[in-house]
Colleague: 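Here's a structure for you.
Here the structure is a predicted model, which is why all the values come from computation and not from measurement. Whatever order the structure lists ligands and atoms in, that order sets their numbers, starting from 1.
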Amino acid sequence: MLVSQLLNPTLREVPAEAEVISHQLMLRAGLIRKSASGFYTYLPLGLKVLKKIEAIVREEMDAKGGQEVLMPIMQPAELWKESGRWDVYGAELFRLKDRHNREFCLGPTHEEIITDLVRGEIRSYKQLPMLLYQIQNKYRDERRPRFGLMRGREFVMKDLYSFDRDEAGLHESYKKMYDAYCRIFSRCGLTFRPVEADAGAIGGTGGTHEFMVLADSGENAVVHCSGCDYAANMEKSECRPQVIDDAFPEGKSKLVSTPGVKTIEDLSEFLAVPKSSTIKSLLYQGDDRIFLVLIRGDRTLNEIKLNNALGGFVSLQLASSELVQQTLGCEPGSVGPVGAPDGLLVVADQEVPLMKKGVCGANKPDHHYVDVVPGKDIRIDEVLDLRMVEQGEACLKCGAPLKEARGIEVGQVFKLGTKYSKALGANFLDENGVEKSCVMGCYGVGVSRTIAAAIEQNHDENGIIWPMPIAPYHCIIIPTSNKDSLVVETAEKLYQELKDLRVEVILDDRDERAGVKFKDADLVGYPIRVTLGSKTLANGQVELKERKSGDTHLVRVEDLSQQVKTRIEKALQYN
Ligand code: ATP
Ligand code: MG
C-alpha cells in the first residue's frame, strides 16, 4: 500500500470530544470516524486491526472445536417473549417494527436465536457437545455511549454458545473457552486478568469470569492478590472480617446528645471514636421487602452482595425518606438498630458482630447510642459478607495483601445452565432415550473494544505502539527525500522485495517533509520503520527502527528485507 493512496486522515490536535487516550489516538491516527453517538465508521487502518483481532479469535475458537455460523441481527420479539427477556431487558434493547407491525429488536446478544436454532436441529446426545459461534455487530442503546469503541451502541462481538449433555460437559466447554480467551488476549499482546465476576441478571448456574485488561481508564474496579492468582471484580470479591482489639470502656449503652451530627465523619470527630467503632445503619427496600442493613462506619456497603445474599431483587434501593419515617419514625440520617421493630429484618455485615462495642444512630434526631454491644443491645437476624474489599486487605485464599486495579472488560465466559434451553425447549434424548434440556454456556469477546483496550495499554506521547499481531501494517518505509533518485528507487525496490516476502508493508511516498512522515508513522504506530536518507544510503545502508523500544540501527540494503521478515516472524510466534 502507498500512503499517498491511503484514506488515513491523521490529526495533530487532540479532538475535544475524546476523553480517554485510546479514543483520542484512534481519531488522531485516522482509524475511525464518528457518525453518531456510539456509532463509528472504521477507516482502512482501523478495519485492518479489527480484522486481525477477528482472525485471532476465529483461529482460537476453531481450535477448540467451535463452528462458525452467522445469525440475523434482527430478532423477532416472539423469541424474546418466550425467554422472558422482552419485558426485562429495558431501554438498552433497540426495538423496531416491520411494515406489518410485527415487533423486532436489534440483537444485543443471541441466546434466543441460537437456542431456537438448536431446538430445531439437535435431537440426540450423540450430537453434543456443540459449540457454535459468530462474529458480528451487536446493538445496545447504552445509557452513556462513550470512549469511542470502548462503549459503543453498535460494536463487534464474538459470541459462542456451548450445548452440553450435563454440568460436567458444561464445565469442559467452559474450561475450553477460558483457555481460548487466555490465548486470544495474550496473542493480542495484552496484559489481562481473568477475574471472578458476579453472575448478575443473566442468571444461570453460577460460574463466570470476566477478562479484564488492566488500564487506569478501565470502567471496572478489580481486586487481585499479590501472592496468588486470586482476582475478582470489586463487586464479587470476598473478604476476611477484621477484628479490632480496641480498649472499650466499661458501662452500658446509653443515649447521648449529638447536635448537628449527620455523617459518620462528624460522629467520629464529635465523640472522638475511630470510624471503625461506628455502625452505619441503612434502611433498604428490595422490591416489596424492607430491611435494615448494618455495616461498620469505615466500610462501604456492596449492594450487589446484599442483593445476592437476600435472594436477588429486581429493584434494590435505599428506602425513601417517607418509608424511613413510616418504618422507624425518623429521618434517614438518624436511622439506628437499637429497638428495631419486630418483623423488620436486620442484616449485618460479618464485622459488626465482631465489634466489642459501637456507636450507632438512635432513630431520633441529634442523638446517638454509645457503648452498644452488637448481638446484645442490637438484634441481628442474619450475618453476611456485605462489604467492599479494600486495598491491602488479606486475600481469602492465601492471606497476602490484595491490590486494587482498574480493568476494561474485553470478554466474559458464563455458565448459563438450562435457563434458555428450558424456556425455549432445547432438548435432546440421552443414551436411555430420556429427554433432557441442553446445558448451555455463553462466551463473548468484545472484538472492537479490544482495539481500544490494546491502545490504552500500548501507547506513548507520540502515538500508538501496536503489538505486532494486531498492527495494521507491520512495516513502514520512509524515503526522506523525493528528489534523491537513489533514495526513491531503493525505497521502491525494498517495498517490492518486502511485498514479495509477504511482509505487510506500506510505503510513505507522499511529497512531505521527513518530519511529517515520522510523526504520522509514530502516531499510527507501525511496529517497524525503515528510513532511507541520502547520506546513509550513499554507504549502502538504511535505518531500521523499532517503534516499541525505539532501538535504531543501520542495516545494509541487501540484508534489510530478510531482517525485517525475521523480526516480524519472531514477534508473531505464539505457542
Ligand atoms: P459492560 O459491563 O461493559 O456493559 P457487558 O458485561 O454488558 O459489558 P457482555 O454482555 O458480557 O457485556 O458482552 C461481551 C463483551 O462485549 C464484553 O465483555 C465487552 O468486551 C463487549 N461489550 C459489551 N458492551 C459493549 C459496548 N457497549 N461497546 C463495546 N463493547 C462492548
Ligand atoms: Mg460482561
Colleague: Would Ser448 count as a contact residue for ligand 1, given that I'm defining contact as a non-hydrogen atom of the residue lying under 4.0 Å from a ligand atom?
Modeller: no
Colleague: Taking 4.0 Å as the limit for heavy-atom contacts, which would you say applies to Met150 with ligand 1: side chain only, backbone only, both, or neither?
Modeller: backbone
Colleague: Decide if the gap between the ring center of Tyr178 and the ring center of Phe211 is smaller than 6.0 angstrom.
Modeller: yes
Colleague: Look at the rings of Tyr174 and His209 and say which category their plane angle falls in: under 30° parallel, 30 to 60° tilted, over 60° perpendicular.
Modeller: tilted
Colleague: Check the side chains of Asp141 and Tyr139 for a donor-acceptor pair under 3.5 angstrom, ignoring hydrogens and angles.
Modeller: no
Colleague: Going by the closest heavy atom to atom 23 (C) of ligand 1, which one wins out of Met157, Arg140, Gln412?
Modeller: Arg140
Colleague: At a non-hydrogen distance cut-off of under 4.0 Å, which region of Leu149 contacts ligand 1 (side chain, backbone, both, or neither)?
Modeller: backbone
Colleague: Are Phe291 and Phe313 close enough that their ring centres sit under 6.0 Å apart?
Modeller: yes
Colleague: Considering just N/O/S atoms, say which atom of Glu409 is closest to the Mg ion (ligand 2).
Modeller: OE2
Colleague: Examine the side chains of Gln242 and Arg299 and answer whether a donor and an acceptor come within less than 3.5 Å of each other.
Modeller: yes
Colleague: Just checking, any donor-acceptor pair under 3.5 angstrom between side chains of Tyr181 and Lys158?
Modeller: yes
Colleague: Going by atom types alone, do Asp520 and Tyr526 pair a side-chain donor with an acceptor below 3.5 Å?
Modeller: no
Colleague: Looking only at heavy atoms, is any part of Glu142 under 4.0 Å from ligand 1, and if so is it the side chain, the backbone, or both, or is it neither?
Modeller: side chain
Colleague: List every atom of ligand 1 that sits less than 4.0 Å from any heavy atom of Arg449, numbering the atoms from 1 in the order shown and giving each element.
Modeller: 3 (O), 19 (C), 20 (O), 22 (N), 23 (C), 24 (N), 25 (C), 26 (C), 29 (C), 30 (N), 31 (C)
Colleague: May I ask whether Val410 has any heavy atom positioned less than 4.0 angstrom from an atom of ligand 1?
Modeller: yes
Colleague: Ligand 1 versus Arg151, non-hydrogen atoms closer than 4.0 Å: side chain, backbone, both, neither?
Modeller: both
